[in-house]
Colleague: 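Structure provided below as structure tokens; questions to follow.
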2 protein chains.
Amino acid sequence: MNEHQVRQVRHFNRVVTQHVGALEDSYLQRGRPLGQARLLYEVGSDGTDVRVLRERLNLDSGYLSRLLRSLEAEGLIQTEAQAESDGRVRHVVLTPKGVAERTTYDALSNKLAWSFLESLDLAQRDRLVSAMAEIEHLLRAGAVDIRAEIPDSAAAQWCLEQYFIELSARFEKGFDPAQSNSASIQEMMPPAGFFVVAWLDGTPVGCGGLKAGMEGTGEVKRMWTAPNARGLKIARRVLQRLEMQARESGLTRLRLETNRALTEAQALYRAEGYQEVEPFNSEPYAHHWFEKQL
Amino acid sequence: MNEHQVRQVRHFNRVVTQHVGALEDSYLQRGRPLGQARLLYEVGSDGTDVRVLRERLNLDSGYLSRLLRSLEAEGLIQTEAQAESDGRVRHVVLTPKGVAERTTYDALSNKLAWSFLESLDLAQRDRLVSAMAEIEHLLRAGAVDIRAEIPDSAAAQWCLEQYFIELSARFEKGFDPAQSNSASIQEMMPPAGFFVVAWLDGTPVGCGGLKAGMEGTGEVKRMWTAPNARGLKIARRVLQRLEMQARESGLTRLRLETNRALTEAQALYRAEGYQEVEPFNSEPYAHHWFEKQL
DNA sequence: TGATATCTCTGACTAGAGTCAGAGAATGAA
DNA sequence: TTCATTCTCTGACTCTAGTCAGAGATATCA
């Protein structure tokens, strides 16, 4: 734990919350409690079911109901049961006045954001905005959690499915798992193997499997990262996790094969110390074979 | 107002507050309201006068008193009148238990900060930390406010004093305002002239004056930036503000002279379009004379 | 010395945010 | 058809945070 870095993060948190706190104040200017303002914002211009609001904002149903009542009393929203659907759930829509009010809040948010940029010159604004993008990106990367999972869990299966779909699209001749060398659930499950899923904000965004073989050699299989989560170094972390597990299981060598279409994967393997070797199997979809001593 | 930038700032604010909000939750884990926790933290290991706390945290005195009472009831602090000083003000110190508790909060903060870094690799950590430093720096730069001020206001006088102190230190032969060409209060005050002070967080951090002369020519004087606020482009903004004012007053040319020790000032003048010219006065401390057509 | 100001404290109050228990209507499963 | 479940709503609370008005002690100014 690098103390200088921790101190910088703490200081940053303090400064930024101070700045951002100004948003709450500007929201309160409208003379409406924050809870109501947030709710008004969340209803959105197309309307929402009450149950969805409850879930999204994570509110007690009684509390939410009261918030809705007060917005309704102000003439900002209307709630009604929607015909043709579950008669228990109620649908909330903004009245014209509500739309106007929401627009005002939106403008306030814009104004606050602009106040961050306003007195900077153009070059500084660019730097600020890209530093912000960088931080978001890295926070996102840091929020990824890599967890062991059995390969027939729903999450793992979903990842594998996405993986196959992607291979079909990217390989010149498509991809049919049945034609390919095996990596069955059993083979990637303890004690024979190992499987990990990468999670981000409650959804799986990547996976990878390890299949133990003969003579201390394991095989890395099914490495995949969701398209919307690339650039977060997820595959690298998955791979490192598999290697860790391989070492713990007493394996001394890892092998893998890959298709020439998957250039970013090859780059990763080389960067992580895998050496290209002669084909060690007859995988029909492979063009490159790699190996690493653990 | 660049929409893309505004959107990025808003998004950043959302993401970051979400992340940082975790701190509050972790503070609440200790089973103590946030207000008390903050106060405990602010008392610090050396103790503080109650009045200072009131001012720093901006709390109502009744409210603060009650918060202190509850921390006292928990055995975390002690308040006592300090001998040898104003008998009205009370001094708060942490008990050993209070010190321990404060240390725990500190550790929680560290842990949260660390959680930002934890699952990043070393290169990513460096990038995160420097992006954070960059943002802080730019937010600080953005918070600088440049305001017109009469040059005998307390803030202006303080700046001028600091300016003279700095010149004395930096010039080879020291600096004596009496030896130097004049830039009196009258000369830098409307209608003859103009004076601006740069403010940051309620304290003056820079200044600059404009002295109108003959034939549409004005002189820029007393450009200064506080050492702890350099790198924020304050001098540039002050200069631009003076030029704006000069144009509004119908001036068509600005002049200024400077000492060879002030290299960063010369760089600024050149960057802002000032041309070095032959000496146009006999200022004894000057080595370079500049001029710009407005 | 007396008037005024300052500092801390107590009492009485408010608003926001949220929790919890249950009621009533609609829905779904056996 | 019945029984359990889901969804929304009302009523009754709680806790935190904060405001406001003064009281009592101490300090300062004229």
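Numbered from 1 within each chain, the chains take letters A, B, ... in sequence-line order.
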Colleague: Just how far, in rounded Å, is P of D:dC15 from OH of A:Tyr63?
Modeller: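 Taking OH of A:Tyr63 and P of D:dC15, I get 17 Å after rounding.
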Colleague: In whole angstroms, how far is the P atom of D:dT8 from the CD atom of A:Glu72?
Modeller: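 Atom CD in A:Glu72 sits about 13 Å away from atom P in D:dT8.
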Colleague: Between atom CG in B:Leu34 and atom C1' in D:dA17, what is the gap in whole Å?
Modeller: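 Result: 11 Å.
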Colleague: Report the distance from atom CG of A:Asp152 to atom CE of A:Met189, rounding to the nearest 0.5 Å.
Modeller: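 If I round to the nearest 0.5 Å, the distance is 6.0 Å.
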Colleague: Working to the nearest 0.5 angstrom, can you tell me the gap between A:His11 NE2 and B:Met132 CE?
Modeller: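 One gets 12.5 Å once the value is rounded to the nearest 0.5 Å.
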Colleague: In whole angstroms, how far is the C1' atom of D:dT8 from the CD1 atom of A:Ile77?
Modeller: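 To the nearest whole Å, that distance equals 13 Å.
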Colleague: Rounded to the nearest 0.5 Å, what separates atom CG in B:Asn110 from atom CD in A:Glu3?
Modeller: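 One gets 7.5 Å once the value is rounded to the nearest 0.5 Å.
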Colleague: Does the pair A:Glu149/A:Arg222 count as a salt bridge with the N-to-O cut at 4.0 Å?
Modeller: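 No, no charged N to carboxylate O under 4.0 Å.
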Colleague: Applying ring-ring contact (aromatic ring centres under 6.0 Å, His included), can you list everything that pairs with B:Phe164, at least two apart in sequence or on another chain?
Modeller: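 Here the qualifying residues are B:Phe175.
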Colleague: Students often get this wrong, so: under 4.0 angstrom with heavy atoms, is B:Arg69 touching a base, only sugar-phosphate, or nothing?
Modeller: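 Sugar-phosphate contact only - B:Arg69 comes under 4.0 Å of backbone atoms but never of a base.
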Colleague: If you assign each of A:Gly62 and B:Arg90 to its closest nucleotide in DNA chain C, which residue comes earlier from the 5' end?
Modeller: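 Final value for this comparison: B:Arg90.
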Colleague: Just the rounded figure in Å: distance from P of D:dA17 to CD of A:Glu24.
Modeller: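 So the CD-P distance, A:Glu24 to D:dA17, works out to 14 Å.
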Colleague: Between A:Asp60 and A:Arg66, is there a salt bridge with N-O shorter than 4.0 Å?
Modeller: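 Between A:Asp60 and A:Arg66 there is no salt bridge, as every charged N stays at least 4.0 Å from the carboxylate O atoms.
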Colleague: Can you check whether A:Thr79's main-chain N or O pairs, donor with acceptor, with A:Glu72's side chain at less than 3.5 Å?
Modeller: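 Answer holds: yes.
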Colleague: Side chain of A:Arg125, backbone of A:Leu120: donor and acceptor closer than 3.5 Å?
Modeller: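 At least one qualifying donor-acceptor pair exists.
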Colleague: Among D:dT8, D:dT26, D:dG18, find the nucleotide with the atom closest to the side chain of A:Val89.
Modeller: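 Nearest nucleotide to the side chain: D:dT8.
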Colleague: Would you mind reading off the distance between B:Leu71 atom CG and D:dA17 atom P, rounded to a whole angstrom?
Modeller: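 So the two atoms are 12 Å apart, to the nearest Å.
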Colleague: At 10 degrees resolution, what angle do the end axes of the helix from C:dT1-D:dA30 to C:dA30-D:dT1 form when each is taken over five base pairs?
Modeller: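 Inter-axis angle at the termini of the helix from C:dT1-D:dA30 to C:dA30-D:dT1: 10°.
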Colleague: Heavy atoms of chain A, cut-off under 4.0 Å: which first and last nucleotide of DNA chain C, 5' to 3', fall inside that, if you could look?
Modeller: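 Listing 5' to 3', DNA chain C meets chain A from C:dG16 to C:dT27.
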Colleague: Find the distance A:Leu59:CG to D:dC7:C1' and express it as a whole number of Å.
Modeller: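 Distance check: A:Leu59 CG to D:dC7 C1' gives 15 Å.
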Colleague: When we call it a touch if two heavy atoms are under 4.0 Å apart, what does A:Leu64 touch: a base, just sugar-phosphate, or nothing?
Modeller: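 No contact at all - A:Leu64 keeps every heavy atom at 4.0 Å or more from the nucleic acid.
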Colleague: Pick base, sugar-phosphate or nothing for A:Asp60, based on heavy-atom distances below 4.0 Å to the nucleic acid.
Modeller: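 A:Asp60: base contact, heavy atoms under 4.0 Å.
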Colleague: If I take atom CG in residue A:Leu39 and atom P in nucleotide D:dT8, what distance separates them, rounded to the nearest angstrom?
Modeller: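 Atom CG in A:Leu39 sits about 13 Å away from atom P in D:dT8.
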Colleague: Using the six-membered ring of A:Tyr41, assess whether NZ or CZ of A:Arg102 lies under 6.0 Å from its centre and within 45 degrees of the ring axis.
Modeller: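 Yes; both conditions hold, so A:Arg102 lies above the ring face of A:Tyr41.
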